[in-house]
Structure formats: C-alpha cells, structure tokens
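Bear in mind that the values here come from a model prediction, so they are computed numbers and not experimental data. Reminder, nothing fancy here: chain letters follow the sequence lines and each chain counts from 1.
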Amino acid sequence: MLDAVRETWKSLIEEQLALYAKEVFGTDVQLPPLAVQTPPKPELGDLAFPLFAYAKMLRTAPPMLASSLKTRLEKVEDRPLGDLLVAGPYLNVRIDTAALATALSVQLSEQKELYGTNKSMAEKRVTIEFSCPNTNKPLHLGHMRNDSLGESVAAILKANGATVRKVNLINNRGVHICKSMLAYQKFGNGETPQSSGIKGDHLVGKYYVMFAQWAKEDPTAEDQAQEMLRQWEAGNEQVIELWKLMNGWTLDGLHESYQKMGISFDAYYYESETYKYGKDEILKGLEQGVFYREEDGSVWVDLEPIKLDKKVLLRKDGTSLYMTQDVGTAIMRHKDWPFDSLIYVVASEQQYHFRVLFYVLDRLGYDWAKDLHHLSYGMVNLPDGKMKSREGTVVDADELVDTLTSLARKEIEAKEREALVDDIEKTSQSIALGALNYYLLQVTPTKDMIFNPAESISFNGNTGPYLQYMGARISSMLRKYESEYADIQKLGFDSSLLTLSDERELIKQIALYPEVVRKAGASYDPSLLCSYLYDLSKLFSRWYHDNPVLKAATPDLVRSRIELATMVLQVLKNAFGLVGIPFLASM
RNA sequence: GCGCUCGUAGCUCAGCUGGAUAGAGCGCCGGACUUCGAAUCCGUAGGUCGAAGGUUCGAAUCCUUCCGGGCGCACCA
C-alpha cells in the first residue's frame with residue numbers, strides 16, 4: 001500500500017519536472033527516472049526525492065529547484081493528501097498517515113491472514129528441493145539451515161501466489177550407507193531402536209561412527225564397504241534386507257525430527273530409485289552430438305562455452321555418476337509435475353555442480369533448463385571453526401532442539417508463567433523453534449554464518465522469542481480489551497488520533513509489509529522478512545512502553561490505539577508464518 | 001594455479017535500483033517495574049566500511065588492482 005502512495009508522488013513530481021524542463025529548454029527533454037528514498041529522520045518526512053541530477057541539467061541549485069517544484073506541485077488540484085517540504089537538495093513528502101491507517105484498517109480486517117500476499121506468481125508452479133539427507137546419520141546443524149530455508153522460501157513463494165511443491169530426495173544408497181551397515185553387521189549384535197531405546201537415525205549414526213573407528217585399525221574396511229555396495233547393486237538378498245531394515249530405522253527417526261521441527265514435503269524421492277536415471281539421456285545427447293566419447297569409451301561434455309573445463313557424464317563401463325543421476329532426476333521431475341521453476345536448496349560448495357547440470361540440460365534441448373535455480377547458501381560454522389564430524393564438533397539437530405526446549409521451559413517456570421501457557425511442553429518447543437529458525441534465517445542465505453550456541457539459546461535482543469514475546473503481549477492486551485472494554489468496542493476507529501511519531505512509523509511499517517513479501521519472493525531471501533519483523537517489533541515495543549493503550553486518556557484514543565495494536569499483531573502473525581516462527585498467544 | 005564468494009563497531013549481523021550525520025543485537029558502563037506482560041524500554045562509549053586507485057555533483061554500494069578468509073576445480077555423492 002505504501003508503494004502505491006510512493007508511485008503516485010513519484011509520477012506526479014516527474015510530471016512537473018518534465019513540464020519545468022520543457023519551459024526551460026522550449027522542447028520535450030528526456031529526464032532520468034526519479035529516485036524515491038526514505039529520509040534518515042522522521043522530521044524530514046516520509047518520502048525523499050533527491051534532485052541533484054535535475055538541478056544540474058536545469059542549471060539551478062538543488063534547493064532552488066526543490067522549492068520551485070514545491071510551489072508548482074501545491075497548485076496541482078487533484079494531488080494526493082500529504083505535505084511537501086524542502087529539505088536542502090531534496091523535495092520530501094510527509095504522507096497522510098491517518099488516511100493510510102484508515103485504508104490499512106479496512107484492508108486488514110478484510111484480508112486478515114491474507115494481508116501481504118499477492119498474485120504476482122499466480123501462474124507459477126514451483127518445485128523446491130531441500131533437505132536431502134543421507135540415511136547413515138541423524139540431522140545436524142547444516143541440515144537445519146537447509147530445512148529452514150527450504151520451508152521458508154516455499155512459504156514465501158506461496159504468499160506470492162505460486163503453487164509450490166516441496167520435494168525431498170533421500171540419499172539412501174552408496175558406499176557411505178554401506179559403511180554403517182557393515183559396522184552393524186560386525187558389531188551390532190542385533191541391537192534395534194526398540195532394544196536400545198535409541199532413536200533410529202542416531203542408532204544408525206552410531207554404527208557409521210563405529211565404522212570410521214574400525215577402518216582406522218583395519219585397512220580392508222574400505223574395500224569391504226565397496227564390496228557390500230557391489231552386493232547391494234547385485235541385489236544380494238541378505239544385504240538388501242539389512243539395508244531395508246536400517247534405512248527404515250533412519251527414516252523413522254528423520255520423520256520424527258521433521259515433525260518436531262515443522263518440516264514437511266509433498267513428495268519424497270529415493271536415490272535407490274533415481275540413481276539409474278539419466279543414462280539414456282546422456283546417450284541421446286551423444287547421438288545428437290552435444291557430448292563426445294573419449295577413446296576409452298567414457299562420455300564427456302565440453303564446458304568451454306561456460307568457461308569451465310570438461311566433465312565426465314558416463315564412465316567407460318557405462319555406469320552413471322552423480323551428475324548423470326541429477327540430469328535424469330530433473331527430467332523425470334519435470335514429467336512428473338511440469339514446473340515453471342525448480343529450486344535446489346543446496347550448500348554453496350556445490351555451485352560448480354549446478355552450473356554444469358543446468359548447462360547439460362540446456363544442451364540436451366530442454367527449454368526449461370533456464371528455469372532451474374540453485375539457491376546456494378553458505379556454511380554454518382562454529383565460533384572456533386568448522387564443524388568436523390571426525391572431531392565430534394557437529395551440532396546434532398535433535399539435541400539442539402531439546403536443549404533449547406528445556407531452556408525455554410526453565411524460563412517459563414522461573415517467571416512463574418506455567419498457568420498462563422496451556423501446554424508448557426508445546427510452548428517451550430515453539431519457543432525453541434522460533435529461536436532456531438530466526439537465528440538461521442536472519443543471515444543473508446549466500447553468506448557463511450557463525451552459529452554461536454551461547455547466543456542461539458538467548459531469548460533476549462534480536463531473537464525469535466523477542467518477536468514471539470511481542471505477539472504474546474499484544475494478544476494479552478487484546479484479551480483484556482475484549483473482556484473488559486465493551487463500551488469502547490462500540491466506537492469507530494479514528495485514525496486522526498494517531499499523531500505520535502512512533503505511531504506514524506508503525507503505520508508506515510505495517511503498510512510496507514506486502515512489499516517485503518514481494519521482495520523476499522523475488523530474491524528467495526527470508527532474511528528480508530526477519531529484518532522487517534525485528535524493525536516492526538522494536539517500533540511497537542518502544543511505542544507500547546512509552547504510551548498507555550488501554551489506559552489512554554480518552555475512550556476514542558483507546559479505540560484507535562487498540563486498532564493499531566491489532567494491525568501490528570496481524571502482520572506479526574502473517575510474517576511469522578513465512579519464517580517458521582510459531583505464534584504464541586501467551587508464553 | 002584457475003573459478004566462485006565474502007571482508008562494515010570487541011563479537012554476530014543489517015545497510016533497498018549509488019545519495020542527507022554508516023545502523024542493530026550481544027558484550028561493557030549507567031538508568032527505568034505500586035500502572036496494559038521488565039523474555040521489555042532508554043542512555044553512554046565503541047567505525048580511516050580490508051588497502052590503494054578510478055567513475056560520479058556524491059561510493060560501504062559500481063569498475064580495476066592488491067591483501068586476507070571461505071568454497072570449489074574427482075570416472076565420490
């Protein structure tokens with residue numbers, strides 16, 4: 001809604017600039033588009049239009065130009081509400097926030113949880129692939145950034161009107177899977193999740209670690225794992241049985257973790273089925289002459305056109321590779337559910353892989369290759385360096401969630417709020433999730449980030465729980481309002497009473513929300529919403545601290561401030577849904 | 001060596017298509033609860049935006065070079 005106001009002023013001023021230029025030069029002049037900015041301080045208005053470029057062209061000092069434009073604009077009859085002010089070389093506008101608030105109030109009460117959504121991607125079918133765990137160990141912090149991003153981007157795209165299909169490709173085959181199987185075969189003694197009380201994925205992970213230890217002492221271990229893989233591919237019954245058994249354990253564990261973390265998928269793919277795909281496609285490409293065969297029989301693609309070297313696509317024995325599979329999988333997916341766009345949420349270390357993959361698909365003649373996107377995100381490091389599974393510094397996902405949950409519970413108990421929250425366990429878990437998702441999504445995806453455990457468990461400052469707390473406080477106040485202020489509820493909303501600087505800022509921030517949703521969607525960047533949420537919450541918090549709402553001076557003022565708080569609450573809820581922060585009416 | 005990417009306060013991060021005095025959180029120090037939830041709010045200190053050139057009326061933002069960190073450059077996935 002703010003963008004509409006901005007556009008109106010912009011084109012109005014541009015119009016006047018053009019007229020002015022015409023007078024000066026006696027002919028139509030092509031002027032550069034006017035920049036719209038936000039003034040650094042509220043006193044300077046709400047919109048800023050820098051005039052440097054035009055002043056130079058028209059040979060006037062910018063402040064002179066600003067004031068003559070102001071005079072001209074004030075004569076325009078049907079101009080929008082709001083005041084013009086000259087601020088040095090800028091022509092600024094103080095918009096009519098009361099009118100804006102009235103319009104917002106209507107829009108919000110009609111749209112409710114749909115406020116902020118739009119139809120810009122209404123025709124788009126988007127497949128988003130994320131998570132893609134191996135079935136030899138439980139989820140860790142690295143997966144969590146991936147999962148948070150995947151879920152959030154999916155939600156953001158939906159908010160922009162897209163039809164989204166979330167898919168997960170389970171990496172359930174390969175030599176690394178065989179390693180945990182082999183270790184289990186040797187040392188397992190029939191242990192099961194039931195017998196040991198260990199969650200399935202953790203149990204399998206335990207044997208994966210055990211393999212690594214064993215391999216240090218026994219140099220034949222690696223070969224044995226390779227041999228087991230050959231048996232798996234040959235369909236050896238015993239091996240397949242063990243594989244099914246252990247994969248089942250892991251998947252049960254992973255599903256439990258997903259559920260706890262609010263992660264879900266529309267479709268699952270399994271590498272044990274997809275790993276054979278792609279071979280035919282590569283051979284077809286060979287026939288078409290887009291690939292070539294080396295003397296030893298292997299098939300290659302020349303990457304000179306994208307300034308890379310070359311890449312093998314089929315081994316000399318005709319077996320496929322990671323790249324081959326991904327080519328096949330993409331094609332199969334497009335047949336399965338034709339998409340307008342496919343997003344791969346995968347760590348930045350695989351940038352090269354995706355550049356090649358997209359190029360290969362393009363060479364094969366798939367015109368949708370241009371619609372593939374690698375949402376590349378940076379590494380998650382610890383304050384003292386990288387996570388190393390060998391050194392045991394990997395942060396386990398289940399453990400982290402549990403730790404945060406119990407800390408949240410302690411906090412609730414310490415504040416003696418058990419009675420306020422209906423289900424303390426559920427609430428604690430929601431706080432933990434809010435803290436984690438916000439922590440992980442706050443950073444621009446492409447950047448590496450440092451995960452500071454001490455900081456992540458903090459509920460103060462710029463954190464998920466801080467945002468949740470604002471939601472809880474507003475909810476609490478509104479409950480009180482609804483039960484005790486029947487008379488005031490009958491009054492109408494008078495937006496002209498919201499004249500404080502903080503109130504004007506809040507109104508603008510509420511109006512800004514739809515744009516943030518749009519931008520976050522266009523750039524696949526949830527961190528924009530995180531920043532937005534923090535700004536909104538901080539603004540609200542300060543205003544709420546300084547100004548009484550229910551105890552405001554007059555009934556009309558109470559009514560108006562309640563309306564403002566109600567709008568803030570709705571926007572908080574809506575935005576929470578896009579970044580994985582559970583809303584809590586009390587905490 | 002080549003390619004990609006990132007260097008902003010002690011630490012973790014913002015900074016929109018170049019624009020007004022570069023912002024938050026944490027931490028430090030100091031304030032604010034008989035009043036709507038103090039998981040809160042307010043204030044002080046803290047920066048040659050990695051360095052040097054260049055483009056521009058104007059650069060943290062764009063270009064070049066250099067320095068420093070990360071990640072890739074497998075007939076592994």
Original post:
A:Asp317 or A:Tyr352: which one's nearest nucleotide on RNA chain B is closer to the 5' end?
Top reply: A:Tyr352
Subject >> Phosphate contact (B:C4 OP1 or OP2) by A:Lys307 side-chain N/O below 4.0 Å >> reply: no
**OP:** Report the nucleotide, chosen from B:A74, B:A20, B:C36, that has the shortest atom-to-atom distance to any side-chain atom of A:Lys551.
**Re:** B:C36
Subject >> Nearest-angstrom distance from the residue atom CG of A:Asp535 to C1' of B:C13 >> reply: 13 Å
**OP:** Would you indicate what A:Asp326 reaches in the nucleic acid, counting non-hydrogen atoms under 4.0 angstrom: base, sugar-phosphate, or nothing?
**Re:** nothing
Original post:
Taking the six-membered ring of A:Tyr544, is the NZ or CZ of A:Arg473 close enough (under 6.0 Å from the centre) and on axis enough (within 45°)?
Top reply: no
Original post:
Given B:U12, is OP1 or OP2 found less than 4.0 Å from the side-chain N or O atoms of A:Lys447?
Top reply: no
Original post:
Would one find a side-chain N or O of A:Asn460 under 4.0 angstrom from OP1 or OP2 of B:U40?
Top reply: yes
**OP:** May I ask you to evaluate whether A:Lys480 reaches the phosphate of B:C36, defined as a side-chain N or O under 4.0 Å from OP1 or OP2?
**Re:** no
Original post:
Is A:Lys538 touching bases, backbone alone, or none of the nucleic acid, heavy atoms closer than 4.0 Å?
Top reply: sugar-phosphate
Original post:
Is the phosphate of B:A74, meaning OP1 or OP2, less than 4.0 Å from a side-chain N or O of A:Lys311?
Top reply: no
Subject >> Spacing of A:Glu43 atom CD relative to B:U21 atom P, expressed in whole Å >> reply: 14 Å
Original post:
Base, sugar-phosphate alone, or nothing: which one does A:Ser541 contact when heavy atoms must sit under 4.0 Å apart?
Top reply: sugar-phosphate
**OP:** Apply the ring pair (Phe, Tyr, Trp, His ring centres under 6.0 Å) test between A:His353 and each candidate in A:Tyr359, A:Tyr322, A:Tyr344; give the one that qualifies.
**Re:** A:Tyr322
**OP:** Under 4.0 Å between any heavy atoms, over every strand shown, what does A:Ala87 touch: base, sugar-phosphate, or nothing? Just pick one.
**Re:** base
Original post:
Any side-chain N or O of A:Arg473 under 4.0 Å from OP1/OP2 of B:A39?
Top reply: no
Original post:
How long is the line joining CD1 of A:Ile450 and P of B:U12, in whole Å?
Top reply: 4 Å
Subject >> Earlier contact from the 5' end, RNA chain B, for A:Ser458 and A:Arg479 >> reply: A:Ser458
Subject >> Whole-Å gap separating C1' (B:A39) and OH (A:Tyr544) >> reply: 14 Å
Original post:
Can you tell me how far P of B:A39 sits from CG of A:Asn462, to the nearest Å?
Top reply: 17 Å
Original post:
How close or far is atom P of B:U40 from atom CD of A:Gln468, stated in whole angstroms?
Top reply: 12 Å
**OP:** Indicate whether OP1 or OP2 belonging to B:A39 is found under 4.0 Å from a side-chain N or O atom of A:Lys415.
**Re:** yes
**OP:** Taking only the side-chain heavy atoms of A:Asp296 (C-beta and beyond), determine which of B:C36, B:C75, B:C57 contains the nearest atom.
**Re:** B:C75
Original post:
Separation of A:Asn172 atom CG from B:A77 atom C1', in whole Å?
Top reply: 12 Å
Original post:
OP1 or OP2 of B:A14 sitting under 4.0 Å from any side-chain N/O of A:Thr444?
Top reply: yes
Original post:
Considering only side-chain heavy atoms of A:His176, which listed nucleotide, B:G25, B:C76, B:A77, is closest?
Top reply: B:A77
Original post:
Nearest of B:A20, B:C75, B:A77 to any side-chain atom of A:Trp300?
Top reply: B:C75
**OP:** Report yes if at least one side-chain N or O of A:Tyr469 is closer than 4.0 Å to OP1 or OP2 of B:A39; otherwise report no.
**Re:** yes
**OP:** Can you tell me the distance, in whole Å, between the CE atom of A:Met449 and the P atom of B:C13?
**Re:** 7 Å
Original post:
Hey, is A:Glu505 close enough to A:Arg542 for a salt bridge, meaning N to O under 4.0 Å?
Top reply: no
Subject >> Worked check of side-chain hydrogen bond (donor to acceptor under 3.5 Å, both in side chains) between A:Thr319 and A:Asp317 >> reply: CA-CA 6 Å; A:Thr319 55; A:Asp317 62 6; 2.6 Å; yes
